[in-house]
Amino acid sequence: MVIAGIFFVALPGVRASEGDPRIHVLEKKVMGILVDMDSLKQAGAGLLGQSGIVTQRIHMYRSRESLSRRQHRNLEKQLQQAQALEQQVQSIQNKLDSLSGEFVRAGRILLSLYQAELDRFADTGTAEPRTVRERDFQSLLVRKEALEKQLYPVGIREISALQVEAQPWDTAPDLMRKADLLRDQEESFRKELVMVDERLHSLRQEASARRRAEELTREMDLFNPQEELFARGLDQYNAARNDLGYWEESGQKNPPPVFGPGDDNAISVPVTDGESIEMHSAEHATAPRTLGSVISSIKNLEQHRARLLSVADSLGRRSAWFREQAGR
Amino acid sequence: MSFIRTGIVLLMMVQALPAAPGWRCKSHVSLSYLHDNNVFESLKNRQSDHVGRFMCQFSTQNDFISSGFFQAVYQAGVEGYASHTSENRMVNDLNALCQFRVRKSFSLCLPVQARAKTYFEWDWGYGFYSTEPALLWIPSRKIQSRLFFSMSSFDYQQGREYDHRFLGWGLSLRWEPLENINWFVQWRGGRLTYRRNALQSWERNKADEVEWVLTGNRQQDDLNTVFLSLEIYQWALFQWGAGYQWNRSNSVGFSYNRPRATLLVSKKLPWNLTMSVFWQRQWKHYQDVFLPLLQIRPERDVEENEIRLLELARELRPNLSVRCRWAWYENESPFRDRYYEKQRLSLGFSLIF
């Protein structure tokens, strides 16, 4: 929890509350949420570890050809324990989902307050000493960027390039080896890029198909009795919420377009579901799969692709440089 | 006219809202031309006409409630006929929804909906109001279930005997066992109470005609519907649905069983084209031997026996699309066992901003 650390360090010394008292209050709230989430994740990791051990034991018992009565009892106990652990993990996951929602909401408000405060600093009319202003400005900027990273994660996973440096004592074969290492990693990233492109292509096709299915029903809902019947159950709210870009921004799931009951006397009210915010992974934000979640996945994958491309290009350039140096 | 006023107020609100923090707003406009070959849905002497449509939608959302949200959607549409101007009409729709979490995996949801359909040249149309409060239970990301209660009311400007109220409840479950595969199952039941009295049939009279008399009781229909659908995205988007509805009425000639099947396929093609195909078929079986002429509720009582629809759309820009659609309908006429057909061909633009 990098951001929690930053808040911990930054809060005591900053004068953020001078500008807008809500910043201080919200920072405390966000910090509290992050700490809670952190402890829940730790607890979840512990439970998963226990679950792994229990699973191994169960596997061990099951792989035996015959079991004694005592071993049977033990196996039953292990199975019960595994079930209990699974329930606990699910409970923790639910709590995490709830906290994620709170964090996103509070974080967004906090970001807007940071921005307002930064704008205020940019205003030359403030009569504070320049050094104090600059310090506060930098502090706010750091916290804003940290919060932004937490709220809008850039990549689906971290992309780490090899840290290979040329040393004065490197011989030509050494430099060539380093160039090869860099080129190998570049090729691996290029291969991943091809896969990402294929995935993006597939997701875009899916989004397009889903969008048309929703628009088709929305346009036909208004005028005629036939169309009312036809469109019933494919609620307008899905389309409206997709239009609002709600899920694109938050990675939130929306209810899938489902053909409703189709009875003439049923009310064509929207089918809605609970909210559940997936913050870190576009791949996880797809259940149940809907237009909103697909669009969210596309956006995350596009960001990932841009980063992958940049790193691959950089690796290619560095590899070429090493080769050039080796050739001299 | 109150709906139009509401619409104008909402439009102004929507325009003002982007300045307010936490509000998200979008607008959607569509314009289309269509040719209808059976405007009055008749068995013989079909009248065709050219129709123009304009529809706009404003949506807004705010997360002002802790662990919840509020959203409102207002849409209005105008439909104008080239030759049969008496059919020119306007529809106003207002939907609002508030949803918030009450416990870790339980949420409450309160949607309300209102619709007014009015004709420009004559006093015809209806108002429809409904609410469906629901309790949502989402134990995991793969399962969502919903317990809901339905209340709705239909009020016609003319033909008050067709006014009715609906009171019911239901359960639904959505399950995603694998990625790209969604199951949905729903049961819905309730009672419809009409303002008109129930019909009672007598046996054949001396002239060998079936005699119909009105009872002293209001017509009440007990409706139950089960619906199951499967959605798969594999190469294309496939949505299959199968339903079964049974209606038991205290009025003779209105009890029926009705199985229903639907299929929607949508596929992205080269050149930014998307093709969609929709098909629906119902098999309605009445329970009574003697059937009176179907009392057609103005605007609402028509049930499709079959729909076939084909659409080709092209995205010109991310927010602008053009589409061409052909649809064929087969509907039940007031003579029960006779069905009329109609076809529609339309061309439309859609813009989101």
Side-chain angles (χ1 to χ4, degrees), chain A residues 90-91 93-95 98 101-102 105 108-109 112 204-206 208-213 215-216 218-219 222-223 225-226 228-230 236-237 239-241 243-246 249 253 255-276 284 286-289, chain B residues 21 24 26 28 30 55 59 61 63 67 73 77 79 91 95 97 99 104-105 107 109 111 113 130 132 136 138 141-142 144 150 152 166 174 176 180 182 184 186 188 192 223 225 227 229 233 237 239 241 243 245 260 262 264 266-268 274 276 299-300 302-304 307 311 313 329 350 352:
Chain A
Q90 187 58 54
S91 158
Q93 185 59 48
N94 288 341
K95 283 179 190 164
S98 166
E102 280 181 40
R105 269 184 291 281
R108 278 188 188 154
I109 299 168
S112 64
R204 283 186 185 131
Q205 287 199 326
E206 184 179 347
S208 194
R210 285 182 185 276
R211 190 177 296 117
R212 278 319 305 170
E215 280 211 8
L216 173 77
R218 176 170 46 184
E219 284 176 27
L222 268 182
F223 290 95
Q226 296 94 333
E228 281 159 18
L229 178 75
F230 165 66
Q236 300 155 14
Y237 278 89
R241 298 194 83 189
D243 281 357
L244 285 164
Y246 189 72
E249 289 172 25
K253 301 179 295 188
V258 178
F259 284 130
D263 50 324
D264 304 322
N265 306 295
I267 309 169
S268 60
V269 292
V271 179
T272 52
D273 62 359
E275 60 174 344
S276 172
H284 291 163
T286 56
R289 205 169 182 81
Chain B
R24 237 172 269 117
K26 280 275 179 178
H28 180 197
S30 73
M55 192 193 92
S59 322
Q61 177 160 326
D63 302 338
S67 66
V73 180
E79 195 171 57
V91 181
N95 298 282
L97 172 73
Q99 185 175 311
K104 58 181 180 182
S105 52
S107 294
C109 169
Q113 184 185 27
S130 76
E132 196 167 80
L136 309 163
I138 303 134
R141 287 195 302 251
K142 302 283 182 186
Q144 297 173 8
S150 295
S152 69
F166 179 74
R174 188 168 293 129
E176 188 187 29
N180 284 343
N182 271 304
F184 175 77
Q186 178 169 280
R188 182 190 283 270
L192 260 166
L223 270 165
T225 308
F227 189 78
S229 86
Y233 183 81
L237 177 70
Q239 291 181 329
Q245 185 181 69
R260 171 176 174 244
T262 59
L264 172 71
S266 192
K267 165 76 179 154
K268 177 87 187 282
T274 309
S276 304
E299 287 293 300
R300 191 71 185 187
V302 189
E303 298 157 344
E304 280 68 38
I307 304 173
E311 185 193 80
Y329 303 90
S350 167
I352 298 170

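Quantities reported herein were computed from a predicted structural model and do not represent experimental measurements.
- The side-chain contact (heavy atoms from CB on, under 4.5 Å) check on B/K267 picks up A/Q205, B/W235, B/A236, B/L269, with sequence neighbours excluded.
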Kindly determine whether B/T274 and A/R211 satisfy side chain to side chain contact (heavy atoms under 4.5 Å, CB included), including the steps that lead there. CA-CA 10 Å; B/T274 309; A/R211 190 177 296 117; over 6 Å; no
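- Taking all atoms of both residues into account, the shortest heavy-atom contact from B/Y233 to A/R210 is CB-NH2, 4.0 Å.
- Of the atoms belonging to A/S112, not a single heavy atom falls under 4.5 Å from chain B.
- B/S266 meets the side chain to side chain donor-acceptor pair (under 3.5 Å) test with B/S276; sequence neighbours excluded.
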